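The next block holds one structure in the form of structure tokens; read it before the comments.
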Amino acid sequence: MLSRRELLKLSGLAAMSSSLPMIARDSAAARDLAVAHDVSSSAALAAAPDYRLEIAPVTLELSPRHTVRTIAYNGQAPGPLLRFKEGQPVTIDVANHTDRPEIVHWHGLFLPPDVDGAMEEGTPPIAASQTTRYVFTPRPSGFRWYHTHTMAMGDLTLAQYGGQHGLLMIEPRDDPARYDQEFFLVLHDWDGRLLASDDGAMNPSYAVSTINGKVMGAGEPLRVKQGQRVLLHVLNSSPTEVHWVSFAGHGLQVVALDGNPVPTPQTVPMLRLAPAERVCALVEMNNPGVWIFGEVRKHVQAAGMAVVVEYADHSGTAQWRQPADLVWNYERFSTAQVPAAAESHAGSEPAIAIPLVLESKFRGHGAMEAWTINGKSYPDTGSVPLEQGRRYRLQFINKSLDDHPLHLHRHSFELRSLGAPLRTGRGPGTGTGPRVGRGLIKDVVLVDAQTQTEVEFTADNPGATLFHCHQQDHMDLGFMLVFNYA
């Protein structure tokens, strides 16, 4: 059987042997145009693109004492902020200046599988030294991101362990802009090493952690003014780590999760973000001084994950106030609970349940664990058929001892129940609680160890749809399957 890396290499060779064909697909729900092909193969593509991304090696200075040699977009990490207008077609050229095939995943967008950015769905890779042009109509509006979707397979310099991640904002058709200033903050961990856990399996550990590619003090502060309403867009692009962040001296009013407005905004003392999650939070600048926004765990903040926030006409040493507890609940941002009889959509059939049992396999001392879904690792997980227009309930039954940030491509889902404990670890729990009120829409959910979480989505974007854990090491070692519907 070919390994994932061998499959990637073969796909890259195939792409180099011939020009990528022009691809156009109509979504039944949105009629979104999507095109991907080799720019050099067509004179018809001479017009300048709206954006150009260059994938190339770069040396990044995280601090005067820390530099990393990595791959990044346009020589920076995070990559440039791309601003799209919802419903307005956009053209992007992506040039691969590396010696291996690459691919860009447009995370959180409702795109056809040809351009979504996953080889498992059929998106062609970008061959070494080649350029691919993408044309698509971006939706939905909100804070999204883009990143590589290649495999690392134990090389902690490749894939999401490196610098290939960037910011993506799809502006709504009508944006009232109820804030004075906005900042985009990207959390990332660098210089990974494999360390043995208690059972002998290997897990990544990191020497440096940054916000926007800089350790605290190495970059410019965030400059604000008293009385402003500041909107923070926070992304966790870490390959494997969950992060807790707080803004000393200020509350954080959560207004969106994974780019989707929450039904009930709430002010909280800290944010929790699993890999690939995004949180948008409003802050009232009503406490003048010099403060720290950063990781609440002291050893991670000491590794660099913090940034100074400086009010106008204030200077001095930045202050930190440690929050009392690590508390985070998705459900507090949803609507009020609804009666069980009203849980199915009005006029529709009940959602079809799809149980997904998540487990690990010990591969020996000095090795990372393999991962299975319903007892099988990708590519043996096969393709799960769906019916267009039907509502499905994914039951994430996490029998493992790890928490998992689970991501569904090309769709968003609604959280329905969270953290139901498994029955002594041998089987699923009731799946009924604690329930979540309606309207909390995400594309990544963190499922705690030894619990069951359930989400619902409508199959309204036909084609191959990848589901996987967003931890790079788990994805590399089998934690994926593909849903498919015509």
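Along the sequence shown, residues are numbered consecutively beginning with 1. Values in this document were obtained by computation on a predicted structure and should not be read as measured data.
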(request) Please step through side-chain hydrogen bond (donor to acceptor under 3.5 Å, both in side chains) for the pair Gln472 and Gln160, ending with a clear verdict. (result) CA-CA 7 Å; Gln472 182 75 50; Gln160 198 55 40; over 6 Å; no
(request) Evaluate the side-chain proximity of Glu284 to Arg229: yes if any heavy-atom separation is below 4.5 Å, no if none is. (result) yes
(message) Using side-chain heavy atoms (C-beta onward) and a distance below 4.5 Å, is Lys442 in contact with Phe413?
(response) yes
(request) Flag the pair Tyr146 / Tyr73 as yes when their ring centroid distance falls below 6.0 Å, and as no otherwise. (result) yes
(message) Just by distance, no angles: are the side chains of Asn398 and Thr451 close enough, under 3.5 Å, to form a donor-acceptor pair?
(response) no
(request) May I ask you to test the Val234-Phe293 pair for a side-chain heavy-atom distance under 4.5 Å? (result) yes
(request) For the residue pair Asp116 and His409, confirm or rule out a side-chain donor-acceptor distance under 3.5 Å. (result) yes
(request) Check whether the ring centres of Phe396 and His404 lie less than 6.0 Å apart, and answer yes or no. (result) no
(message) Strictly distance-based, threshold 3.5 Å: is any side-chain N or O of Gln395 a donor or acceptor partner for the main-chain N or O of Glu454?
(response) no
(message) Side chains of Glu295 and Gln301: any donor to acceptor distance under 3.5 Å?
(response) no
(request) Would you please classify the geometry between the Phe184 ring and the Phe143 ring as parallel, tilted or perpendicular, with 30° and 60° separating the classes? (result) perpendicular
(request) Hey, could you give me the CZ/CG distance between Arg144 and Leu167, rounded to the nearest 0.5 Å? (result) 13.5 Å
(message) Once rounded to the nearest 0.5 Å, what's the spacing between atom OG of Ser334 and atom CZ of Arg416?
(response) 9.0 Å
(message) Counting C-beta onward and ignoring hydrogens, is there a side-chain heavy-atom pair between Met475 and Tyr378 closer than 4.5 Å?
(response) no
(message) When you compare the side chains of Thr59 and Arg69, does any donor N or O come within less than 3.5 Å of an acceptor on the partner?
(response) yes
(message) Determine whether Asp473 and Thr240 satisfy the following criterion, side-chain hydrogen bond (donor to acceptor under 3.5 Å, both in side chains), listing intermediate values before the conclusion.
(response) CA-CA 7 Å; Asp473 54 333; Thr240 63; 5.4 Å; no
(message) Any heavy-atom pair between the side chains of Leu481 and Leu356 that's under 4.5 Å?
(response) yes
(message) Using modelled atom types and a 3.5 Å cut-off, is there a donor and acceptor pairing between side-chain atoms of Gln322 and backbone atoms of Val296?
(response) yes
(request) Report yes if some heavy atom in the side chain of Pro113 is under 4.5 Å from a heavy atom in the side chain of Thr123; otherwise report no. (result) no
(message) Are Thr91 and Tyr134 packed together at the side-chain level, in the sense that at least one heavy-atom pair is separated by less than 4.5 angstrom?
(response) no
(message) Check Arg133 with Asp93, please: is the shortest side-chain N to carboxylate O separation under 4.0 Å?
(response) yes
(request) Give the intermediate values and the outcome of side-chain contact (heavy atoms from CB on, under 4.5 Å) for residues His250 and Val309. (result) CA-CA 11 Å; His250 300 77; Val309 183; over 6 Å; no
(message) Ignoring hydrogens and geometry beyond distance, is a side-chain donor-acceptor pair present between Thr210 and His188 at under 3.5 Å?
(response) no
(request) Step through it carefully: locate the ring centre of Trp190, locate the ring centre of His66, and say whether they are under 6.0 Å apart. (result) no
(request) Flag the pair Leu109 / Leu168 as yes when at least one side-chain heavy-atom distance between them is below 4.5 Å, and no otherwise. (result) yes
